[in-house]
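Order of the sequence lines fixes the chain letters, A, B, ..., with proteins taken first and strands second; residue numbering starts at 1 for each chain.
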Number of protein chains: 2
Amino acid sequence: MRAELIDAAERLIYEGGYPAVTSRTLAEKVGLKRQIVHYYFKSMDEVFIAVVRRAAEKMRAAVAEAAASPEPLRALQELNRDPQGAILSMELHALANRRPAVREEVAKAAEEFRDLQTEILTRLLEQQGVEPAMRPVVAIVLLSSLAQVLALESAIDVSRGHAETLEFVDECLRAFAQGQPTPLETSAPTPAEASRRRRKAAAATSPD
Amino acid sequence: MRAELIDAAERLIYEGGYPAVTSRTLAEKVGLKRQIVHYYFKSMDEVFIAVVRRAAEKMRAAVAEAAASPEPLRALQELNRDPQGAILSMELHALANRRPAVREEVAKAAEEFRDLQTEILTRLLEQQGVEPAMRPVVAIVLLSSLAQVLALESAIDVSRGHAETLEFVDECLRAFAQGQPTPLETSAPTPAEASRRRRKAAAATSPD
DNA sequence: GTCTATACTTCGATAGAC
DNA sequence: GTCTATCGAAGTATAGAC
């Protein structure tokens, strides 16, 4: 029953954000009276903390699975891009802002998630013997930030630039998986181009 | 007075998120009774819509100022990185999720903000005559997503990878402003390196 | 375990006095 | 414009019956 309530709380967060999780709505989800919540949880804070802990466990399992997949980076990105996961993460972050007891749990889970992802990428780079264009943790921060914001925007029907950005990131990941230069690296200017570019820039800032 | 209430609402959002904005807290902020809110606004939805509209106006002015600055891209990034602005944006996004009337306003403002930023970058690229490594809108999505997530995480004392990522992005912007190749482009492999890299990757996936 | 009953608080919103 | 008064609804939480 406790597990069922945690499930219900998570579903309510997807549907209406964390404010939608109350003793009343929670009990309704499992077909009981609202006082039942206080039998299984000392307070609503405990409900949310339980949600965070269970989400953290699921996350650990999902990351481990991604690490074992043939394309770990792509698997990780799918994990980050999961709309429900992104929304849950955002809501818990927002909730953490005004529930000190929850904040600690969320912060711990967020840092653990980032560390686990960074470790996977680091190992991947070592295996491929590639000198990375950016530190692993930087790539992880960029990829997960992007995924989270896109999910949040999609939820309110904002999609400006999404398709282009996803296409670009996918292209980068695909190139990386095949050991080829990414679109970014491909566009590196030759020394001649670079110096021409510098002259142009200088001319633009001091046109006289 | 109406303007004062909108001010107060914005401040309350910074302090405790959008749920902290109620007729009671709002009236307290301006030293009046809570019924005053319903005199100036038909409903709480209207309060939030007013907040969004005023934020959108401020945003337009700030973007115009950034466009006129000597380093528009850096100015834009400072704008995106503003912790208060990022938090306000996140809260309004979350609020938009469960208030249809608010959603429309937030979506409109978000798309306008993205378009304005993209236009600036596009013009900048044309001026410099640079063939960009990614489409302008992609760069804007990446930069603003990063800024928003970092701000949200900072608020709950999560900072894993922040310093490294900001350093990396700053380096890219600095290089761009000076018309030099970015750290990403600098690390482009020579043809010899690229082929060595491809062999390594192939060996890793089929070790036999 | 689950219920009824209850207490207290806060919310949004309206009506009407001054 | 700002107030008092009031409403119904919803929130958290506790006590105690079954």
Rounded to whole angstrom units, what separation is found between the [atom1] atom of [X] and the [atom2] atom of [N]?
X       : N      : atom1 : atom2 : value
B:Tyr40 : D:dC3  : OH    : C1'   : 13 Å
B:Lys33 : D:dT6  : NZ    : P     : 16 Å
B:Glu28 : D:dC3  : CD    : P     : 12 Å
A:Arg98 : D:dG11 : CZ    : C1'   : 17 Å
A:Phe48 : D:dG11 : CZ    : C1'   : 12 Å

Just to verify, what does A:Ile87 make a side-chain contact (heavy atoms from CB on, under 4.5 Å) with, not counting sequence neighbours?
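A:Ile87 satisfies side-chain contact (heavy atoms from CB on, under 4.5 Å) with A:Glu91, A:Ala155 only.
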
Using a distance-only test with no angle check, is there a side-chain donor-acceptor pair under 3.5 angstrom linking B:Asn80 and B:Gln117?
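There is such a pair (donor and acceptor under 3.5 Å, judged by atom type) between the side chains of B:Asn80 and B:Gln117.
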
Between N or O atoms, less than 3.5 Å apart, protein on one side and nucleotides 10-14 of chain C on the other: list the pairs.
from: C:dC11; atom 1: OP1; to: B:Thr22; atom 2: OG1; distance (Å): 2.9
from: C:dC11; atom 1: OP2; to: B:Arg24; atom 2: NE; distance (Å): 2.2
from: C:dG12; atom 1: OP2; to: B:Ser23; atom 2: N; distance (Å): 2.7
from: C:dG12; atom 1: OP2; to: B:Ser23; atom 2: OG; distance (Å): 2.9
from: C:dA13; atom 1: OP2; to: B:Met44; atom 2: N; distance (Å): 3.2

NZ/NE/NH1/NH2 to OD/OE distance under 4.0 Å, [X] and [Y]:
X        : Y        : result
A:Asp170 : A:Arg81  : yes
B:Arg114 : A:Glu153 : yes
B:Lys29  : B:Glu15  : yes
A:Arg54  : A:Glu10  : yes

So, OP1 or OP2 of D:dG1: does either fall under 4.0 Å of a side-chain N or O from B:Tyr39?
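So the side-chain polar atoms of B:Tyr39 do come within 4.0 Å of the phosphate oxygens OP1 or OP2 of D:dG1, strictly under.
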
